[in-house]
Student: 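Dropping a structure here in structure tokens format, bear with me for questions.
Protein chains get the first letters and strands the later ones, always in sequence-line order, with residue 1 at the start of each.
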2 protein chains.
Amino acid sequence: MSRKTPSPKSERILDVAEELFAQRGYDGVTLRQIATGAGVDVALASYHFGKKLDLFNAVFQRRAVELNEARLNALRSCQDQSGPDGPDVEQIIEAFLRPLEIAQETGDQGWTHYLALIAYVNNSPYWGQKMMSKLFDKLVLEFIEALRRALPGARDEDLYWCYHNLSGALTLTLAQTGRIDKLSGGKCQSSDFRAAYDHMIPFTAAGFREVCNGGKR
Amino acid sequence: MSRKTPSPKSERILDVAEELFAQRGYDGVTLRQIATGAGVDVALASYHFGKKLDLFNAVFQRRAVELNEARLNALRSCQDQSGPDGPDVEQIIEAFLRPLEIAQETGDQGWTHYLALIAYVNNSPYWGQKMMSKLFDKLVLEFIEALRRALPGARDEDLYWCYHNLSGALTLTLAQTGRIDKLSGGKCQSSDFRAAYDHMIPFTAAGFREVCNGGKR
DNA sequence: TTGTAAATTCAACGCTTGTTGAATATGCTG
DNA sequence: CAGCATATTCAACAAGCGTTGAATTTACAA
């Protein structure tokens, strides 16, 4: 094997850090809280990952490759199944969103925390730009290109603003703040990604068509 | 006057705290940074506002009333101008968003920072639910009721999920992360709220109609 | 000008923070 | 078992944290 197997305790550190960083942000979490949560001495985090910032980056990178692959596969899959004109807007957005149900499917709570961490980073003026681009720009630009094909004649500016709207709706979903639960009196649940995407897909698809294609179907 | 005039230095503390909290979050900012930025001793913040958390709350509440009034006025105004069926979806969303251009209109950078702070709070699993509800639920529910009238027969669940999508797109805009600037190669600018809303209004209006009204116009 | 209350600074406290070097435990190889 | 590298803990550090009580300045009314 080219990559050495990480010790189980270092994995637990990553798991706990992932959850706490997602809830409270980088500065809201101390290495001691992480160590305590992982049942480990404080110094161990430094030993395995170096500085606190390195640990943060390690957490953020850990699941990025797998996530990108899942979403890219979904895009390729719907592209293969589509006709000569390529997939339509709904299919592309579906490929963009559905792989994010991975937490519910696998039952791995870690994925839920990771997605909330992405939401934290993506919405942060301080972390956002630098950290997101490095790991996700390539994938995002592929999706935007697919959308461009599905929306012939769309202006660049319109396309990017529409993606921005989609990204925002998604980000707030991933953050799982529980606000929609309260507002709706329990009729909607932040934890129900399925329901969120069931609504987000037709919502944003209609938005893309309206703005980029004059509402034509 | 019923309310005593705040000292100019306490205002500067609020201004600086507003900007720093918006950029780095509650835990990412120290009272000493705030004091230094305001050109003031560190003890002065405690003297005027109490604990650090009290200062945070003071910052968050300071502009809330004025903002709510501006948005409510915009809603009432478009309701008064509309026919017996009430304003349509575009007009309601316009009333929801346009008052947020207040920063550009007044040239007061403080408003920009405040809106970024709202984005931080709204997207935070820790702060979001508690702090947002208290100050903004009443207003939001009024807008949702107006939207319900404009979308006859809409199911509650659909209505709230659509609002969630609108809220997410708005939140990411207010955060001003600069990500859309980079992604679009400079064609879109985070700081251009006008352009953001010009796209967000038709985008989300089409989404509401698609999800809540079967796409009917 | 003097008196008084508010505003502001000064100086310091007890605690927590991230980080590190040395000591110990663990697991594997021969 | 011996030896050794890796993993983990222990103990401590210097720096920075929020907070507070006392001292000082400022603003203003009498």
Student: Write down the distance between CD1 (B:Ile34) and P (D:dG18), rounded to a whole number of angstrom.
Tutor: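 Value for this atom pair: 8 Å.
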Student: Pairing donors with acceptors under 3.5 angstrom, does anything connect the side chains of A:Asp181 and A:Ser190?
Tutor: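 Their side chains do contain a donor-acceptor pair, which is all the 3.5 Å distance test asks for.
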Student: Between P on D:dA7 and CG on A:Leu14, what's the gap in Å once rounded to a whole number?
Tutor: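 Rounded to the whole Å, the gap is 14 Å.
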Student: To the nearest 10 degrees, what angle separates the axes at the start and end of the helix from C:dT1-D:dA30 to C:dC28-D:dG3, five pairs each?
Tutor: 10°
Student: Determine whether the aromatic ring centres of A:Tyr120 and A:Phe21 lie less than 6.0 Å apart.
Tutor: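 Here the rings of A:Phe21 and A:Tyr120 have centres that are no less than 6.0 Å from each other.
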Student: Which one, D:dT9, C:dT17, C:dA7, comes nearest to the side chain of B:His48?
Tutor: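 When the side chain of B:His48 is considered, C:dA7 is the closest of D:dT9, C:dT17, C:dA7.
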Student: Using ring pair (Phe, Tyr, Trp, His ring centres under 6.0 Å), reason through B:Phe60 and B:Trp127 one step at a time and then give a plain yes or no.
Tutor: CA-CA 11 Å; B:Phe60 195 64; B:Trp127 305 105; 9.4 Å; no
Student: Using ring centroids (six-membered ring only for Trp), state whether A:Trp161 and B:Phe203 fall under 6.0 Å.
Tutor: no
Student: Could you report the tightest heavy-atom contact between A:His199 and B:Asn165, atom names first, then the distance?
Tutor: O-ND2, 4.1 Å
Student: Assess whether a salt bridge exists between A:Arg148 and A:Asp158, defined as any Lys/Arg side-chain N lying under 4.0 Å from an Asp/Glu carboxylate O.
Tutor: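 No.
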Student: Could you encode protein contacts along nucleotides 19-24 of chain D as a string, one character per nucleotide from 5' to 3', using B for base contact, S for sugar-phosphate-only contact and - for no contact, with a heavy-atom cut-off of under 4.0 Å?
Tutor: BB----
Student: Would you tell me if any nitrogen or oxygen in the side chain of A:Lys9 comes within less than 4.0 Å of OP1 or OP2 on D:dT9?
Tutor: yes
Student: Take atom CD1 of B:Ile13 and atom P of C:dA7, then tell me their distance rounded to the nearest Å.
Tutor: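 My rounded result for the distance is 11 Å.
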Student: With sequence neighbours left out, what residues match A:Arg12 under salt bridge (charged side-chain N to carboxylate O under 4.0 Å, His left out)?
Tutor: none
Student: How are the rings of B:Trp111 and B:Tyr114 set relative to one another: parallel (under 30°), tilted (30 to 60°) or perpendicular (over 60°)?
Tutor: perpendicular
Student: Using atom CZ of A:Phe49 as one end and atom C1' of D:dT8 as the other, report the distance to the nearest whole Å.
Tutor: 14 Å
Student: Which pair of non-hydrogen atoms, one from A:Cys188 and one from B:Glu157, has the smallest distance, and what is that distance?
Tutor: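 Shortest heavy-atom separation between A:Cys188 and B:Glu157 comes out as SG-O, 3.7 Å.
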Student: Once you round it to whole Å, what is the distance between C1' of C:dC15 and CD of A:Gln33?
Tutor: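 That distance rounds to 14 Å.
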Student: What is the separation between atom CG on B:Asp54 and atom P on D:dG18, rounded to the nearest whole Å?
Tutor: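 About 14 Å, once rounded to whole Å.
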